[in-house]
Amino acid sequence: VAPLRFDREKVLRVIPQDEKQTNVIKHLAQTNELDFWYPDAPHHVTANMTVDFRVSEKGFQSVQSALDQSNMHYEILIRDVQEEIEKQFDVKED
Amino acid sequence: TTGRHSYAKYNNWDKIVAWTEKMVGKRPDVVSRIKIGSTVEDNPLYVLKIGKENERRAIFMDCGIHAREWVSPAFCQWFVYQATKSYGKNKIMTKLLDRMNFYVLPVFNVDGYIWSWTQNRMWRKNRSKHPNSTCIGTDLNRNFNASWSSSPSTNHPCMDTYRGPAPESEKETKAVADFIQSHLTSIKAYITFHSYSQMLLFPYGYTSKLPPNYKDLVKVAKIGTEALSTQYETRYIYGPIASTIYPTSGSSLDWAYNLGIKHTFAFELRDQGRFGFLLPESRIKPTCKETMLAVKFIAKYILKHT
């Protein structure tokens, strides 16, 4: 079986400011397949916490518009997860 | 994935197994390999014992409980190499190994680690199957018997943080728990290595209550993180799991503490999110070098105070 690829998948960072924004993240986790990097699950998300999650190429637009609608600032930590996976092997053989 | 084992690179499971054999062959006077069990997919769980004698204080260390946190097994390999290389040359390491043993489990979640290399780089759990579910895997750091059932949000097999059907239901957890229990009189500290977020954590995770020796743990964590930062000024925060990272149940750290090992720590290694689980290999060496300083401090403390 070919390994799973993560082309154009992104890792986003958001910091929900209040309970309302926290619930937006939790709701997004239910409706989109988000992979939580930090914290490790949506139920740990609280206000003012740094939240990092991976989102598929397909899911990115809906996540982006939900964050925009809720006036939540987000940062794109990784633009293309697959590219980063390949770049992690940056040391040549001894 | 080709080529030989390297401490500056990520190594797949086959290379790590071959490396364990090589370490024993190279330094049979200080390194021995113990098979403590096997995984669901029948891979061996190896602990490397670093030290000479049996009946003396020991520190148990494990790496790679979460499959995708690759820098963690890289650190365990680095530690074994540095410890054996500097024994007889470096004053502190010689003193440590003359007086205590280290039990190092280089990869806890072997099946998951293999899966993260071959199929899914983002895999976290082990590879156990669950009846009535097509979802695979248990989060081994939710599977220990430490307030195991207290979080209802971890009881679905499809979740990345699924705690398993029962405490110690997983072969890997059971093997580690049995090994630690059978060496309980000698093990004075337990250290587990994760990534990422640059933290040094101690109990508890399942309650906001502070452990009885809280002040002692704070002191060790404070000086440990200070020692770590002397190399490259990397900043780590420290504190109890529940308030420093987030509340968790079923963690190995809380379990080991409640068993009676009063110095238990979890490192969340580099970085703070720029690369996350995809830390480039070029950062392995600096990460390991600075972490080594903190681990050596903790070991010295254990030697002096337990």
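So you know, we letter chains A, B, ... as the sequences are listed, proteins then strands, and number each from 1. Only heavy atoms go into these numbers, but all of them, side chains included; no hydrogens, no water, no symmetry mates.
- For a residue to count as touching a neighbouring chain, one of its non-hydrogen atoms must lie under 4.5 Å from one of that chain's; by this rule B:E268 does not touch chain A.
- With a threshold of 4.5 angstrom between heavy atoms, B:W70 approaches chain A through side-chain atoms but not through N, CA, C or O.
- Tested against B:D139, the residues B:R124, B:R163, B:K125, B:R68 include a single salt bridge (charged side-chain N to carboxylate O under 4.0 Å, His left out) partner, B:R124.
- With a 4.5 Å cut-off on non-hydrogen atoms, B:T161 touches chain A through its side chain but not through its backbone.
- For B:M159, the part lying near chain A is the side chain, with the backbone staying farther off; criterion is any non-hydrogen pair under 4.5 Å.
- Residues B:S151 and A:H43 share a closest heavy-atom pair of OG-NE2, 4.4 Å.
- Neither the backbone nor the side chain of A:R5 comes within less than 4.5 Å of any heavy atom in chain B.
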Q: Walk me through it: do B:Y113 and B:W13 pass the test ring pair (Phe, Tyr, Trp, His ring centres under 6.0 Å)?
A: CA-CA 7 Å; B:Y113 187 70; B:W13 174 241; 7.3 Å; no
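- Residues B:R270 and B:E290 are paired through a salt bridge, judged by an N-O separation under 4.0 Å between the basic side chain and the carboxylate.
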Q. Taking it one step at a time, do B:R121 and A:Q88 satisfy side-chain contact (heavy atoms from CB on, under 4.5 Å)?
A. CA-CA 11 Å; B:R121 176 65 183 84; A:Q88 77 189 313; 3.1 Å; yes
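- When each of A:R13, A:E75, A:K87 is checked for heavy-atom pairs under 4.5 Å with chain B, A:R13 comes out on top.
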Q) How far apart are the C-alpha atoms of B:S72 and B:H194, what are their side-chain angles, what is the distance that settles it, and do they pass the side-chain contact (heavy atoms from CB on, under 4.5 Å) test? A) CA-CA 6 Å; B:S72 166; B:H194 291 245; 5.9 Å; no
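- Heavy atoms of A:F36 lying under 4.5 Å from chain B belong exclusively to its backbone.
- Salt-bridge annotation for A:D35 and A:R54: present, with a side-chain N of the basic residue lying under 4.0 Å from a carboxylate O of the acidic one.
- Among B:D160, B:I245, B:T154, the residue with the largest count of heavy-atom pairs under 4.5 Å with chain A is B:I245.
- In this structure, the portion of B:L279 lying under 4.5 Å from any heavy atom of chain A is its backbone and not its side chain.
- Per-residue heavy-atom pair counts under 4.5 Å with chain B were compared for A:D40, A:L77, A:V11, and the maximum is reached by A:D40.
- B:Y7 and B:W19 share a donor-acceptor pair across their side chains, judged by distance under 3.5 Å alone.
- With a 4.5 Å cut-off on non-hydrogen atoms, A:I78 touches chain B through its side chain but not through its backbone.
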